Amino acid sequence: MRRGGRRPQLERAVAISDLRDLAHKRLPRVCFDFVEGGAEDEITVAANRRAFERLPLRPRHLVDVDDRDQSTVVCGTPVKSPVLLAPAGLQRIVSRNAELDAARAAGEAGTVYCVPTSASFPLDEIAAVATGPLWFQLYLWRSREVYEGLVQRAAELNYRALVVTVDTPVSSKRERDMRNGFTVPLRLSLKDRIEALRHPRWIWDYVTGPPITFANLAGVAGSDKIEALADLVNRELTNPAATFADLERLRELWSGPLLVKGTLTAEDARRATACGIDGIVVSNHGGRQLDGAPASIDVLEEVVAAADEHVEVLLDGGVRRGSDVVKAIALGAKAVLIGRPYLWGLAAGDQAGVERVLEILRQEIDVCLTLIGRRSLSELDPSLVRREL
Ligand SMILES: Cc1cc2nc3c(=O)[nH]c(=O)nc-3n(C[C@H](O)[C@H](O)[C@H](O)COP(=O)(O)O)c2cc1C
């Protein structure tokens, strides 16, 4: 872990919530809300947290746990800790080097970075700086040529797994963004510009850094103008006509590990399994799509029970503590992904900020394993979690 020169505020951050506070200070309101917000009343955003908080652990004592290890292998990729970086589009909104720094930080921490289609840097530039394994996230776009081209590119660049997000057949109503007038390209109102003056570092990065754009779609849109790219994303990215037949076609196209992200029911887990997938990410998109969707941790066991044994089940949504990670793995997840926490890390301190987020979680997982009397992730099982009566 790179410590030399790390900013003192990052060293002082002892919990993920401290990184969130730093991000709050660093980002103009429009950008902070873009990350923080969810769909409509944000009921699912809150449910993700509440569900973890309501799950007590059942610690076992007087077990020799002197020698602990939290490494694992997730869909063929070895990781030092079971916390992966979830795909999150347009990270340039919160920091200058965005996906490049996230990739470097994941490599430093020995974990996976799942690069989103809507990254602000091109897939090859991210691959060039990455020091660890990369996965690639894809939406089932309207045009097959678009997604087939992206998949081919990811394969050529050695992205190790493909993650297909299925919970976005339409863009949801994110009311914070609507009220704030958030758009891509970013158009700051006079009021926002005045507010942004309180965040000089962000302004400096915004003005002097690379443009905020969908860098991987320039070839597809036939233009690298942000207006053309944003139009393409709005027109093509969401696809209410996508079906499991598209997933089957992707299976033929992609020979590496294939994961589906967004599954919340046993029925969908069975259908996806039948398409020959290797993994499922139980996810409600961090409460950013269907408001009223269940908390991810509440449906994890249902999905695990329905998926074939060879299908690895991951989870994201509301993971903020090492004990959340331990609970998810005890209930059947192979690993978890985090979204907002590492975006807060990026905003708070670029690569070093993301490293700090991963370090805090790794330390908390270690303490939690010790306190519940388990040496490794393979020793976790559902008896360690008390379900509500
Ligand atoms: C700002 C932001 C952008 C996101 N963009 C994407 C995306 O492009 N593709 C995707 O599959 N999920 C996206 N997600 C969802 C994350 O992958 C993940 O499911 C979610 O953030 C997990 O919840 P958490 O933020 O509570 O950790 C995004 C999330 C955030 C916060």
Side-chain angles (χ1 to χ4, degrees), residues 16-17 19-20 23 27 30-39 42 44-53 83-95 98-99 102 112-121 123 135-141 147 150 161-169 171-172 174 176-177 180 182 184 212 214-217 233 237-239 259-264 280-290 293-297 314-321 324-325 328 333 335-347 354 357-358 361:
I16 300 302
S17 58
L19 274 307
R20 178 182 174 277
L27 294 175
V30 184
C31 303
F32 182 79
D33 275 356
F34 164 70
V35 171
E36 181 85 350
E42 301 185 350
T44 298
V45 177
N48 277 340
R49 276 308 303 144
R50 245 199 337 267
F52 273 119
E53 286 161 6
V83 179
L84 286 54
L85 302 188
L90 280 186
Q91 292 170 25
R92 181 64 189 85
I93 302 258
V94 298
S95 81
E99 292 87 2
V112 166
Y113 175 38
C114 185
V115 178
T117 293
S118 45
S120 3
F121 285 87
L123 290 184
W135 291 2
F136 178 57
Q137 176 267 331
L138 186 80
Y139 288 107
L140 289 171
W141 296 61
Y147 70 72
L150 287 165
L162 185 65
V163 178
V164 185
T165 302
V166 294
D167 58 12
T168 312
S171 293
S172 70
R174 299 208 189 123
R176 291 193 202 216
D177 291 348
N180 288 338
F182 177 89
V184 178
I212 296 176
F214 299 98
N216 293 295
L217 304 174
V233 168
L237 181 144
T238 54
N239 177 10
L259 292 87
V260 169
K261 174 172 180 281
T263 304
L264 292 169
I280 291 175
V281 183
V282 175
S283 170
N284 48 40
H285 216 113
R288 293 165 77 83
Q289 280 300 112
L290 174 66
S296 305
I297 191 73
L314 285 69
L315 169 140
D316 74 20
V319 173
R320 303 291 180 265
R321 287 281 180 192
D324 299 335
V325 182
V336 305
L337 298 92
I338 50 169
R340 292 177 184 87
Y342 84 91
L343 300 178
W344 295 329
L346 269 181
V354 181
V357 165
L358 290 168
L361 289 172

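Hydrogens, waters and symmetry mates are skipped; everything else that's a heavy atom, side chains included, is used. Atoms within each ligand, like the ligands themselves, are counted from 1 in listed order. Here the structure is a predicted model, which is why all the values come from computation and not from measurement.
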Specify the closest pair of heavy atoms between Ala98 and Ser120, including all atoms of both residues, with the distance to one decimal.
CB-OG, 4.2 Å
Sole residue of Val282, Asp316, Ile280 in side chain to side chain contact (heavy atoms under 4.5 Å, CB included) with Lys261:
Asp316
A student comparing Gln137, Arg174, Lys261 should find that the heavy atom closest to atom 12 (N) of ligand 1 comes from Lys261
From atom 11 (O) of ligand 1, work out which of Thr165, Val319, Val166 has a heavy atom at the shortest distance.
Thr165
Using salt bridge (Lys or Arg N to Asp or Glu O under 4.0 Å) as the criterion, point out the one residue from Arg20, Arg174, Arg340 that pairs with Glu36.
Arg20
Identify, for atom 7 (C) of ligand 1, the protein heavy atom at the shortest distance, and state residue, atom and that distance.
Tyr139 OH, 3.1 Å
Under 3.5 Å between some N or O of ligand 1 and some N or O of Asp316?
yes
Compute the shortest N/O to N/O distance between Gly339 and ligand 1 and return yes if it is under 3.5 Å, no if not.
yes
Below 4.0 angstrom from a heavy atom of Val35, which ligand 1 atoms are there? Numbered from 1 as shown, please.
31 (C)
Taking the non-hydrogen atoms of Asn48, is any one of them nearer than 4.0 angstrom to ligand 1?
no
Any Thr165 side-chain heavy atom under 4.5 Å of Tyr139 side chain:
yes
Give the numbers and elements of all ligand 1 atoms closer than 4.0 Å to a heavy atom of Ser283.
19 (O)
Could you tell me whether some N/O pair between Gly89 and ligand 1 is separated by less than 3.5 angstrom?
yes
Would you say ligand 1 has an N or O under 3.5 Å from any N or O of Pro116?
no
Atom 1 (C) of ligand 1 has as its nearest protein heavy atom Arg288 NH2, 3.3 Å
Taking all heavy atoms of Asp167 and all of Gln289, pick out the closest pair and write down the distance.
O-NE2, 3.2 Å
Atoms of ligand 1 less than 4.0 Å from Ser118 heavy atoms?
8 (O)
Report, in ascending order of atom number, the atoms of ligand 1 lying under 4.0 Å from any heavy atom of Arg320.
24 (P), 25 (O), 26 (O), 27 (O)
Minimum heavy-atom separation for Pro341 to Val357, with atom names?
O-CG2, 3.4 Å
Checking Asn48 side chain against Ser296 main chain: does a donor-acceptor pair fall under 3.5 Å?
yes
So for Val163 against ligand 1, with non-hydrogen atoms under 4.0 Å, the contacting part is neither
Check: of Ala119, Gly286, Pro87, min heavy-atom distance to atom 16 (C) of ligand 1 comes from Pro87
Which atom of Ala215 lies closest to which atom of Phe121, heavy atoms considered:
CB-C, 3.5 Å
Nearest protein heavy atom with distance in Å, relative to atom 15 (C) of ligand 1
His285 CD2, 3.4 Å
Using a 4.0 Å heavy-atom threshold (strictly under), name the region of Ala88 that reaches ligand 1: side chain, backbone, both or neither.
both
Looking at Phe34, does the NZ or CZ of Arg92 lie under 6.0 angstrom from its six-membered ring centre and within 45 degrees of the ring axis?
no
Are Ile93 and Val30 side-chain neighbours, meaning at least one heavy-atom pair lies under 4.5 Å?
no
For ligand 1, note which part of Gln289 has a heavy atom under 4.0 Å away: side chain, backbone, both or neither.
neither
Over all atoms of both residues, closest heavy-atom pair of Thr263 and Val260
OG1-CG1, 3.5 Å
